[in-house]
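Report on the following structure.
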Amino acid sequence: MTHPYIPNAEPGVRAEMLAAVGASSVDEFYADIPAELRLDRPLDLPAPFTAERDLVRHMKGLFDRNTDTEEALSFLGHGCYPHHVPAVCDEVNSRSEFLTAYAGEPYEDHGRFQALFEYVSMMGELLEMDVVNVPTYDGFQASGTALRMACRYTKRSKVLVTGAVSADKLSKLHDFLAPDITVELAPVAADGQMGEITLDDSYAAIYLETPNVYGVVETRGRELADLAHAHGALLVVSADPISLGVLAPPASYGADIVCGDIQSLGIHQNYGGGHAGYIATQDHEPLVAEFPSRLFGIAPTKVPGEYGFGDVFYDRTSFAVREEGKEWVGTAAALWGITAGVYLALMGPQGMKDLGETVLARTRYAMNALAGSVTVRHEGAVHFREFAIEVPDAAALLARLRERGIYGGVQLDERTVLVCVTERHTIDDIDRLAAAVQEVVQA
Amino acid sequence: MTHPYIPNAEPGVRAEMLAAVGASSVDEFYADIPAELRLDRPLDLPAPFTAERDLVRHMKGLFDRNTDTEEALSFLGHGCYPHHVPAVCDEVNSRSEFLTAYAGEPYEDHGRFQALFEYVSMMGELLEMDVVNVPTYDGFQASGTALRMACRYTKRSKVLVTGAVSADKLSKLHDFLAPDITVELAPVAADGQMGEITLDDSYAAIYLETPNVYGVVETRGRELADLAHAHGALLVVSADPISLGVLAPPASYGADIVCGDIQSLGIHQNYGGGHAGYIATQDHEPLVAEFPSRLFGIAPTKVPGEYGFGDVFYDRTSFAVREEGKEWVGTAAALWGITAGVYLALMGPQGMKDLGETVLARTRYAMNALAGSVTVRHEGAVHFREFAIEVPDAAALLARLRERGIYGGVQLDERTVLVCVTERHTIDDIDRLAAAVQEVVQA
Amino acid sequence: WDEPIIFELSSPGRRGMAVPEPGAEKVELPAGVGRATPPALPEMSQLHVLRHYLRLSQENLGVDLNIDVGQGTCTMKYSPKVNDQFANAIAELHPLQHEETVQGVLEIYWRMERMLAEISGMSRVSLQPGSGSAAIYANIAMIRAYHAARGEGHRDQVITTMFSHPSNAACAKTAGYEVITLMPDANGLPDLEALRAAVGPRTAALMITNPEDTGIYNSRIKEFVDLVHEVGGLACYDQANANGILGITRARDAGFDLCHFNLHKTFSTPHACGGPAAGACGVSPDLEPFLPGPVVSFDGSSYGLETPAQTVGKIRPFLGVTPNIVRAYAWIMALGAEGLREVAETAVLNNNYLMHKVLQIPGASAPWDQRRIEQVRYSWQELSEETGVHSEEIGVRAADFGVHYWTSHHPYLVPEPFTLEPTESYSREDLDEYAAILEHVASEARRDPEFVKGAPYNQTIHKIDPTPLDDPKQWAPTWRAYVRKHLSAGG
Amino acid sequence: WDEPIIFELSSPGRRGMAVPEPGAEKVELPAGVGRATPPALPEMSQLHVLRHYLRLSQENLGVDLNIDVGQGTCTMKYSPKVNDQFANAIAELHPLQHEETVQGVLEIYWRMERMLAEISGMSRVSLQPGSGSAAIYANIAMIRAYHAARGEGHRDQVITTMFSHPSNAACAKTAGYEVITLMPDANGLPDLEALRAAVGPRTAALMITNPEDTGIYNSRIKEFVDLVHEVGGLACYDQANANGILGITRARDAGFDLCHFNLHKTFSTPHACGGPAAGACGVSPDLEPFLPGPVVSFDGSSYGLETPAQTVGKIRPFLGVTPNIVRAYAWIMALGAEGLREVAETAVLNNNYLMHKVLQIPGASAPWDQRRIEQVRYSWQELSEETGVHSEEIGVRAADFGVHYWTSHHPYLVPEPFTLEPTESYSREDLDEYAAILEHVASEARRDPEFVKGAPYNQTIHKIDPTPLDDPKQWAPTWRAYVRKHLSAGG
């Protein structure tokens, strides 16, 4: 049987094609592969499900063994967030034209160039910055690259990183900045913000996150920018763009490079497969020169008034100059950039503001609701979407909640649970969590 | 707040538009509606969910109260069938270009004309008939219209209808053929086929179904065709096209009009919302003239080699000549026609044959599996996809099976259950049903 | 691209889909029962089937892609994408599942029925019909059953108006009625005097639209209803398109006994190239026993199905076109009472704004000097007399600019008609652009009529010669007929 | 249509999405923390956002729409639609759910890892990297950690070849290595003698592809590996594209210590305009402790997560790009061992068939007279010398016929290059059509070179002037930069 995915496996066609090229069998094409490297048996793989229905059945059997966050009530966040995904986002990113395209020329793939140019442009408005990259892999990569950019720009090799950062991201930074860059960690203050630091002229950058790993909104950005700048260093801020309808954009308090993850902007959780990273700067040529990622820009065409698009300053990249380029560039996360653009266009300024206000209010509501039965950390700080609670036994609490159909949060350590609340959680949901926690704690 | 669905509800735009037309308020446009007909209060409707997320939540709450045939193991058929729906069918019929199009001119909607022309053409190959309509609503309507066509064609007003037909369809036929056409019912023979009949020259048609309501394949079509023709009547056959990869097309044994439902061809069950009807004849002008539906045909364009499309013999229709047309025509089920076309193109001749063989074999397997614990009716007949079993208490059996997560079949009467088996049911599924039935019957 | 016909893409032995192996003994069919020769379906790999249909889709123009105000009477409004997700959520429900397993979908039917009852003022609503025309037919079937039940089966006439949808006349005829059609008066409205002359003991019902396709609201509608009631007939309101009057005025308030809605018009379900659609029949208490069955019942705690006592029976299989019921329900729930009224008012504002722009185009007119509600049937008569270019040709030429209009504007009373209906979905900028395109084409028609008549120029195909479509010797309603008549050696 | 930039479609006060009301007390932000001025995002209704993006999508060309054999090295094969449905089935899984609630997805990871281990001959596989380049980086990170753990941190050189993907060089450099690049020999193959000269005590690893982008298989690959092993270095196989040798030969069998696959090449996940992709790193037992974490474990009854003892840490957040892992898993499961081999053989047959056709076009050549496996880097040098038309211009002109080819064929060693890779997905008719288009354009180039150089003619836009893209004063990487530099009064 000719496989539905392989048209020329049909024996008649195959024979005719072989005849056309004058080969007696496909083996001839493999003549350069030495016998000792040839696999002399079939691969040992499971029997296939060639019939689509059989495959569906098999996959469904696997999926039935997951219980997702629509089936349970989930307060999991910590880098992957359950915001509402507008149906139009799904519609656009499932279009065959976008989903199955490569990354062709500015002509036959004009739509992709424009959609990504629009994405970076909307991000630029949200960030109040003029240069935003075509997405890199994820926020981890964006942070790592932003710090490498700062080091290349300042020609220094030490960075001061906020302690209020996730252990996973820190692991990435350590791996990615090694071996040539030293990473120092700043303390976390009692209010949950990045704590007191001292700086000298050896640092390339201060790296801040807001909201940080505890959901705390950093309010001393201006001070840190001034401190960094006084020492010839840059302020690098990682910020979730979904907060910027209500929170001040880091550029407004002096950040030089802003970066982060855009998964919040209309992309499903996807078991961690929905991430994409952004990096933004002002239009300052020496800093722009340090981007490894592709940047898209407008170019005129032969016809006045038409917008063409192309790569800005392509010769920075490893595509152009291999190891002489800035880090590397490859297939990253363009489709999520397009999706985030759709999201921002749907939301508009008012939607982003409304969303931010709802998240702020519900986060606070949840903190108050839980404060009765557990200790809420950093209560005095402004929280966006996340906050930490302290309990006697985090694992046990989460297990008891799971029995009640609730994913209560992410365990940060033996006694700390990080709780995430978005506009997807209704007041009823939060009350249900609070009641369950109280029940478990009092039991 | 401006509703996301209503751009010009934005107050500024609205004011400018009113000013442009010189109106002071929208009320002016309603001046012709008398005061006593004006509703002097807001409609009494539930509070809306303007935020998409809130709406999703509400709808999800409703959907959670359904348990569908992916969650339960279903053997329900009886006019709506759980065949596998290829993903490509879903992909094509969810394309905005098709899903949201009206039914425009042959130019800007060329794609739709061609896709529907291809659908009728593929049906033509399957049916071995030259004329197939753009889908009517459903198989019920197709049967009703086919019989009315036969009456108009023969200028007679009596039809003989097989007794092996569903009660619902019979209800439709009675309603739709009244008041001017007499419907006589033929008996059902012991083998489950349509029984002995006598005919005279007053009948317009014999109406046969195959597979019939009991899943029995009618094998005496040629005799019935000869009988009908001997009396100047037509043989009208309703057949599920999905069976025609293995079963002889009715045209091959003399049927004059063939009709039925195409829901089996790549369309989900949709709680009964996936139906569309086909009607086919040979290219015999007086019979073609009796179609009420639209027929699409090829027409040349100014450019040699181009295919244009248009309506064949449009002046038959009520669009053209109102009550002088044949019955009526309106918005029916075009998208399902396109979908069925995709299905037939994917399956091809071999797929249709393989599918038919699998259904035949699994139906027989299920009959054998159940025969140990209950009475299987019409065991000697050829069955396609359905068969009836007799049990002491049909409702009780089905209730017990439901408790076990099985929708065991459709209750035809107090003691009869109709069981449906397709390629979607694995041998394991059937064994599970058989075991559950045995357990219930022996309890 | 101009895609070939799918049969031209076939190559022996290929396939797009594999099927599960039987896993059980093969059944041997008796002689004559099995198929003798395989059907000549295309043989293609999966990618190639997909590519073919995706390309065809790009040769089609949906609401989502254009300013679709040119399908007058069709109410091409935005069908929210989230509603498609909802519709998909019921894809795997079987219509004969036990009621206890489908409480959610039954609740949607029930709530939808109650909302449409409130919107129409009727007491009960059936959601079974598969479209507006099927709903008209269902209404006629109920009218017939109602009179029959009262021993008044002799009523054999149905009165309708020329500007009501042809299905009113055609369905009545199909159901065995004699059809009397009222022509419009000098104001473009149905003629009350003509009705007075038409009604009598044979009158079964009046089937009437308001506003009709002209867009003019008939202020005397209640007099029409009363006149029919006086002779014992029923009054049935074709509200296929109620978009301009949602929350403004209701069918029952004007005395109607029955009405119907097209959910794919007023209530936003997508038109899908011509269906599936969904219709809804609303009736007054007297007609309730005759509703098609089943209808959804609610006992205060759970939902069930019941069959009305004197039901006309089945209009179609099962309960209705559920995906569209779900979509329409979600649409109303996204808007609420205030939103529906905003829909109506904005649709009417848009229509009046567009009319204002269109009437500024030299050669365009709107017959009858009357106010319009939701749509307008315009005329290019003046332009056509001047240039010889017909309305249909202008619509085709407009397609070259990514919009178009539809010219099946039965009946053909208005010369050189075009009917625009902007609904609430389009922006002012859209309406400006649409009017500018018409103005451009009209000026082209003046400058170079032959050019416009030769359109289209940038569509998939060029101007069609329709001759073979009405010639039985040449017509080809399927590819096999085409091959036989046009491609075979002897053809 | 040529869609405007989205900011040009904005109108104040409109919106495409409403957000749930807080339902709780509003939080007042301290001074300076809140945003001072709203972002200048577009304000558009939902339909208008949708329409804009759908139109943009129609200005794009996916695999599903064209004969996508021109993206050589990129392996643009059919990504089955059913796999997208599977990918959607995990959309609402959070990556930090407790293991007991994600047994299904963990099993997919586990089974996928085992299958890729079998396909590569390696002992373990990490599916964490977000792409092929990220997988290369992960392999380098493991190489670095491996040597460091053995006290051989002094090894500071990575050797690669000119025809390996630039990420091999760039990732090694990023990780702090000095990069030595081997140039091809007279046969277009990496030069063994050059390697012999390059290896030594500073050698950390060899990063090599085979076949390289030339499409030529390096028969002496095992000698390369052995040479590196002899000096204590590791051998790492860039198998981004293994499409032509699935089931034919395996990385480990040639002695490699590490390898990687691009799931969006060989294993059919869609390229999505440039990601998300997914990479897989396979390693030999010695490297297992250094794998990025977590990896999936299986105790015979349930699946869990564990972190390798000497892990290099996180390459990206969480476990991997799960939707693509799911797609790739389903693709392998639809094919099995026999199917994968059929994929490879058909891809190679298609490539040789297409090469046969292309080489018949006057002016086209395939440098080096060697057999090819899955792709060929061709050259238009002859045509270009004759006509002055460059390869890139021919690719752009081909786009006018609904296909195209990509010319980012780093490195630019082959003059006037174009790289075609037909994979197993396209039919013979497709390949014939593609070759015919190239032939047509080549003859156009001879007849009227300026015409070809002026292309495109029927794309959304016309020929671009790229000058501003490299000029800091003019470049506009966002709309706000464009407005500032080009549209403002002073600009």
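Below, read A as the first sequence line, B as the second, and so on, with proteins coming before strands; counting in each chain starts at 1. Remember, predicted model here, so these are calculated numbers, not experimental data.
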Using heavy-atom distances under 4.5 Å, tell me whether [X] contacts chain D through its side chain, its backbone, both, or neither.
X: A:Glu327; answer: both
X: A:Tyr107; answer: both
X: A:Tyr253; answer: neither
X: A:Leu37; answer: both
X: A:Met352; answer: side chain
X: A:Val410; answer: side chain
X: A:Val26; answer: side chain
X: A:Arg95; answer: side chain

Please tell me if the side chains of [X] and [Y] come closer than 4.5 Å, counting only heavy atoms from C-beta onward.
X: D:Ile248; Y: A:Arg38; answer: yes
X: A:Glu97; Y: D:Glu59; answer: no
X: D:Thr478; Y: A:Met123; answer: no
X: A:Thr69; Y: D:Gln97; answer: yes

With distance as the sole criterion, is a donor-acceptor pair present between the side chains of [X] and [Y] under 3.5 Å?
X: D:His404; Y: A:Glu105; answer: no
X: A:Glu306; Y: D:His462; answer: yes
X: D:His52; Y: A:Glu118; answer: yes

- Message: Using modelled atom types and a 3.5 Å cut-off, is there a donor and acceptor pairing between side-chain atoms of D:Ser219 and backbone atoms of A:Asp32?
- Response: yes

Quick one: do [X] and [Y] make a salt bridge, cutoff under 4.0 Å?
X: A:Asp175; Y: D:Arg144; result: yes
X: A:Arg364; Y: D:Glu25; result: no
X: D:Lys222; Y: A:Glu36; result: no
X: D:Arg15; Y: A:Asp354; result: yes

Which atoms of [X] are under 4.5 Å from chain A, going by heavy atoms: the side chain, the backbone, both sets, or neither?
X: D:Asn350; value: both
X: D:Tyr53; value: both
X: D:Val49; value: side chain

- Locate the shortest heavy-atom distance separating A:Ala101 from D:Leu61; write the atom from each residue and the value. CB-O, 3.7 Å

